[in-house]
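Quick notes on the structure that follows.
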Amino acid sequence: MPGLEDLYREIILDHYRNPRNRGELETPPAVRTEGFNPLCGDEIVVYLDVDDDGTVRDIRIGGTGCSISQSSASMMSAAVKGKTIDEVRALTRSFKSMMSVHESTLDAEGEGSESDGADAEPAADVPLGDLEALRGVVKFPVRIKCATLAWNTLLQAADEATAD
Amino acid sequence: MPGLEDLYREIILDHYRNPRNRGELETPPAVRTEGFNPLCGDEIVVYLDVDDDGTVRDIRIGGTGCSISQSSASMMSAAVKGKTIDEVRALTRSFKSMMSVHESTLDAEGEGSESDGADAEPAADVPLGDLEALRGVVKFPVRIKCATLAWNTLLQAADEATAD
Amino acid sequence: MTDVTTTSDAAGDGTFDVAKVRADFPILERESHGRPIVFLDSAASSQKPRAVIEAMDRYYETINANVHRGVYEIAEAATNAMEAARVRVGRFIGAPKPATEVIFTKNATESLNLVARSWGAANLGPGDAVVLTQLEHHANIVPWFQLQAEKGFEIRWIPLTPDARLDLTDIDRLLDGAKLLALTAMSNVTGTLTPVRELTERAHAAGALVSLDACQYVPHLATDVAALGVDFASFSAHKMLGPTGLGVLWGREELLDAMPPFLGGGGMILNVTLDGFTPADLPAKFEAGTPPIAETIGLHAAIDYLDALGMAAVREHEVSVTAYAMRTLTERFGEQLTIHGPSEPAARGGVLSMALEGVHPHDLSQVLDQHAVCVRPGHHCAKPLMAVLGVGATARASFYVYNDTDDVDALADALGEAASFFTF
Amino acid sequence: MTDVTTTSDAAGDGTFDVAKVRADFPILERESHGRPIVFLDSAASSQKPRAVIEAMDRYYETINANVHRGVYEIAEAATNAMEAARVRVGRFIGAPKPATEVIFTKNATESLNLVARSWGAANLGPGDAVVLTQLEHHANIVPWFQLQAEKGFEIRWIPLTPDARLDLTDIDRLLDGAKLLALTAMSNVTGTLTPVRELTERAHAAGALVSLDACQYVPHLATDVAALGVDFASFSAHKMLGPTGLGVLWGREELLDAMPPFLGGGGMILNVTLDGFTPADLPAKFEAGTPPIAETIGLHAAIDYLDALGMAAVREHEVSVTAYAMRTLTERFGEQLTIHGPSEPAARGGVLSMALEGVHPHDLSQVLDQHAVCVRPGHHCAKPLMAVLGVGATARASFYVYNDTDDVDALADALGEAASFFTF
Ligand SMILES: Cc1ncc(COP(=O)(O)O)c(C=O)c1O
Ligand SMILES: Cc1ncc(COP(=O)(O)O)c(C=O)c1O
């Protein structure tokens, strides 16, 4: 039986207590997207500023949520700054693939509706660094949506930022 | 346990095989009303011709149904011819009160929606004659609606005939 | 939670062991009017095997909790069990995306209303047409009348041949310009199996979608919605060994995704403010309120049971009982007994709608009850079909996995009693 | 099927014997994470006593058959059992005409949608107004948004005081010209009991009808819809010791009679032809398709169980557990713990929505789960209320007949663990 220490690693609690890149950015130039966890009420707002070369110039995070959703967002914000949008997409795939170790379980639990298609592609082999600390979340399937909320919201922002 | 002979008295089968007053009447002067048993599909059509004094000049029965609904209609048609509308209403009350011996049971079975109000009034003390043969129906609660279908349709016709 | 793909004992050696099946159904041990019960009304609602009843008991006794993702152990277990049931149901009918395309409703009737009220309300208007068949159950008729009153489209009817098959003579004209064909896969009155695949191809060629009333089909024949090609399929748990209180709507994901929600409430939203709401993703979007959780677990067990028998074996068994019944009854009663619908057992399901000369179906069923033979009289919620058949009602006997030729013999004997009682 | 009006053993001598009650609930014998389960999520769905589970088993094992008046013995028994359940439900809530005014639905959400889609669609248009409160569950909000999009009436909101009671300062203006007041009798988040009777009088004086969301009320307090004066009341079986898959709508007969049908299909018609249909009388008119038959029998048993305890005793017990909980938690956690809603136990139900400083409700509930304490985090399907409370979520503990002060102590201990885990 997985214990709380599998879920709440030190680094997660640190990011939860001291979230990086909290705040807002002016839109435009930044884009703003919102994500909801329909079940627990968590909300994430992503402000993403992408320069003309397709590189993330800045990112800010808003919203409220549990330690998992907030720390995931915080670590994500630190990880994507300065990356190109393609790299951001690859990192997202990599992260979500870590979260989807139990993909078949997930499917059986009706989570198959995440329709961004990332799960279908082979996991990108991008090193996850600190984000590895969230690996324990897969032992608590109910919390996977908490961990992926920021990333789905980021993907939306990336799509919008590169749409035109 | 009630047996079939409680339900299917000889006189009932006779009226079923040789229904009295089958047919139609011209409308006007007669009125025509239709009754449905929503559950088994039985249909009764009543043509009622009431003269200016409020006396039933003629009655005809149409429709299809089981031995209980058809014999009840046939006996009813024989019983009401020549009666005044008030006498017809009293006879109907008397018949329905015989059918409602188990009124509380009926109520518990959702039959309380018969909203003609007849059940609420004290049972009229009108002799039922041949119609007494239908008394056995109360032992078969599912069939009570078969027995009362023609009478509810008759009441509607009586209302229409005296409406203007 | 693994798929049960092995054949059960009951279907062990290719012959269907009805005695073993019967032993799994507690109700079949009871008597009625002093005789062993002969249950021939499965087309209305089937009986339930012990395994189904026990699965629901186990749910209530060990993991009962509301779903929608409570974090505590039993809430998670309840959620997982319900979602496992969803996937099981989807796989049983060949749904390409079981986790998102299977919607739990309260019965097939709600499923069919959902198609009308959500897809229909969003897509139909004056100048449009919906094509129905004269075989339909009220559940696939009344919702279209209700919507028509609001939206003013045309309803067209596929007529019937004298043996209650679809008459396709005019089908091209009927489908021309239609937006939807809504039809039953099998009539609950005559047992008629309709040519779903062929009609779906024609409907799609004409630009119409197809909504299948699979209520009488999924319980009795191996079903593959993808192979049939239909766009929606509706059925009820209680007719397939499962509990009351649960229906299923399957629909193609793109269609369901594009449709507006139906009932509003908890569980079907992404967000709600004082100004409005945003609906959730599939399948939650169509499941407002606390779902029939225990019932989905009962249906899961029912499907396990059916799959263990093997749907091909189930069908084969029913065809053989039906063939035996048609032969026996015809031999015994000749012209005196009419059996509506196709005369070829392989072209129909195990549903016999009967007319015995001189005996009204209601009276017939009453006499049969005295012999513990349970059949159903009435219009079977198909009054337009009754009108086409030229009757007010029929007496219907229907077969399922627990019926055998002894039941048919009991039926025949009781029919004989009824005939002599009413026509002495 | 007789009314159980004697008090049960559990409530024998005026003191509520929780140990006896607990022994009736099989699930309470189980462990979670190696400890005895502490179930504090009855506001989401209650546990079921053995009597309820067994009543449904008995139904399936002895009289299972479709209703709608089959003539054979078990079909008649099934029909009688369902209609007896209807009358039992009606009497339990003081319905003047139980046999016709009680409509069986799939859950309270369907009941509330029915009011909107049938009564609302027939009676609301531009220039009209519906008044809601900021306490409402999504089930009593979203259907009005959906209908508003079609009919274009106004929605007005009764605001809240800081302790989550209704702020009636502006009530006359809010009700002025309104056609309906739709409100909860008790909040599922804050436990707030609303002044139903007073508001109903005011609404009626203003010419508005009242639809009551009684989901959290009927399970916990003696209910008399006639005395309350409301026009509709909705609730779910699964929150009152009954099964999933069943809801109830009660409505005044004249209103239900005048309303158009909602779902269309079998059982709700008087006649159907190729040209249209005529709806049936009450209650059939609103019960399309095969109803949740076994579930009505389970609810009957649940009501027998509650009535044996006595609803006054149930309420008294819950107030005392709630008072103990509020006292204990406040003493132990002081300012660190916020409990939303009225501070006076008698003014609220046994529902505690908590905020522990520095610990998100989701994390809190996760830690509690490790201690086998089952509470629910989230917005509880009341996002507008969350916005008013200024939080995204709460962790909610709720009490019922099987909870006692030991459960409260276990909750307090687990909260202590959570506080130290997250704030070391
Ligand atoms: C106040 C209130 N209203 C409505 C509902 C909806 O009930 P159900 O989910 O059973 O339809 C609930 C329960 O979730 C509730 O607490
Ligand atoms: C062909 C058909 N369609 C629809 C239905 C409606 O199913 P339910 O009553 O379970 O909603 C039935 C069963 O009565 C049926 O036989």
Side-chain angles (χ1 to χ4, degrees), chain C residues 26-27 30 32-33 41 44-45 47-48 53 57 60-62 64-66 70-73 106-110 113 137-139 141-143 145-146 157 236 238 243-246 263-266 269 271-274 276-277 288-290 292-295 365-366 369 374 376-377 381 383-384, chain D residues 26-27 30 32-33 41 44-45 47-48 53 57 60-62 64-66 70-73 106-110 113 137-139 141-143 145-146 157 236 238 243-246 263-266 269 271-274 276-277 288-290 292-295 365-366 369 374 376-377 381 383-384:
Chain C
I27 204 172
R30 74 161 276 167
S32 179
H33 302 296
D41 195 22
S45 199
Q47 296 304 337
K48 325 301 173 198
I53 300 170
D57 287 358
Y60 282 126
E61 289 170 6
T62 62
N64 173 72
N66 212 328
V71 292
Y72 55 86
E73 187 179 9
K106 69 173 176 175
N107 51 27
T109 300
E110 186 193 346
N113 277 268
H137 187 281
H138 294 162
I141 297 175
V142 177
F145 280 145
Q146 290 176 291
W157 299 87
S236 278
H238 69 90
T244 56
L246 177 63
L263 302 183
I269 59 93
N271 195 23
V272 179
T273 68
L274 290 180
F277 75 101
T290 301
I293 308 168
E295 290 80 355
S365 306
Q366 188 86 54
D369 170 53
C374 308
R376 186 161 294 247
C381 300
K383 289 198 86 169
Chain D
I27 203 171
R30 75 162 276 169
S32 179
H33 302 294
D41 195 23
S45 198
Q47 296 304 336
K48 325 301 174 198
I53 301 171
D57 287 358
Y60 282 127
E61 290 171 5
T62 61
N64 172 73
N66 213 328
V71 292
Y72 54 86
E73 188 180 8
K106 69 171 176 177
N107 52 26
T109 300
E110 186 192 347
N113 275 269
H137 187 281
H138 294 162
I141 298 176
V142 178
F145 280 144
Q146 291 177 292
W157 299 87
S236 278
H238 69 91
T244 56
L246 176 63
L263 302 182
I269 59 92
N271 195 23
V272 180
T273 68
L274 291 180
F277 75 101
T290 303
I293 308 168
E295 290 80 355
S365 305
Q366 189 85 54
D369 170 54
C374 308
R376 185 162 295 247
C381 300
K383 288 197 86 169

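Proteins get letters first, then strands, A, B, ... in listed order; numbering begins at 1 in each. The figures that follow rest on heavy atoms only: side chains count, while hydrogens, waters and symmetry mates do not.
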Minimum heavy-atom distance between [X] and [Y], given as atom pair plus value:
X	Y	value
C:Phe145	D:Gly276	CZ-N, 3.3 Å
D:Thr109	C:Gly289	OG1-CA, 3.2 Å
D:Tyr60	C:Gln47	O-OE1, 4.3 Å
D:Gly266	C:Cys381	CA-SG, 3.6 Å
C:Ile53	D:Glu61	CD1-CG, 3.8 Å
C:Pro143	D:Gly264	CG-O, 3.6 Å

Part of D:Thr273 lying under 4.5 Å from any heavy atom of chain C: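 Contact with chain C: backbone only.
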Which atoms of D:Pro243 approach chain C - backbone, side chain, both or neither, heavy atom under 4.5 Å: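 Both backbone and side chain of D:Pro243 come within 4.5 Å of chain C.
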Distance in Å, C:Glu295 CD paired with D:Glu295 CD, rounded so as to fall on 0.5 Å steps: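 Going from the CD atom of C:Glu295 to the CD atom of D:Glu295 covers 4.0 Å.
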Straight-line distance of C:Trp157 CH2 to D:Leu274 CG, nearest 0.5 Å: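 The distance works out to 5.0 Å.
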Can you say whether [X] sits under 4.5 Å from chain D via the side chain, the backbone, both, or neither, judging by heavy atoms?
X	answer
C:Pro384	both
C:Ile269	side chain
C:Asn64	both
C:Ile141	side chain

Top contributor to chain C interface from D:Asp41, D:Thr244, D:Val142 [non-hydrogen pairs under 4.5 Å]: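 Between D:Asp41, D:Thr244, D:Val142, the count favours D:Thr244.
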Sub-4.5 Å side-chain heavy-atom contact between D:Lys106 and C:Leu263: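 In short, these two side chains touch, coming nearer than 4.5 Å.
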Interface residue of largest heavy-atom contact number with chain D, from C:Ala108, C:Pro377, C:Gly245, C:Ser365, under 4.5 Å: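 That would be C:Gly245.
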Exam field: side chain D:Asn66 to backbone C:Ala44, donor-acceptor pair closer than 3.5 Å: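 Flag set: sc D:Asn66 to bb C:Ala44 pair under 3.5 Å.
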Lys/Arg N to Asp/Glu carboxylate O, D:Glu73 vs C:Arg30, below 4.0 Å: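 The answer is yes: the pair qualifies as a salt bridge.
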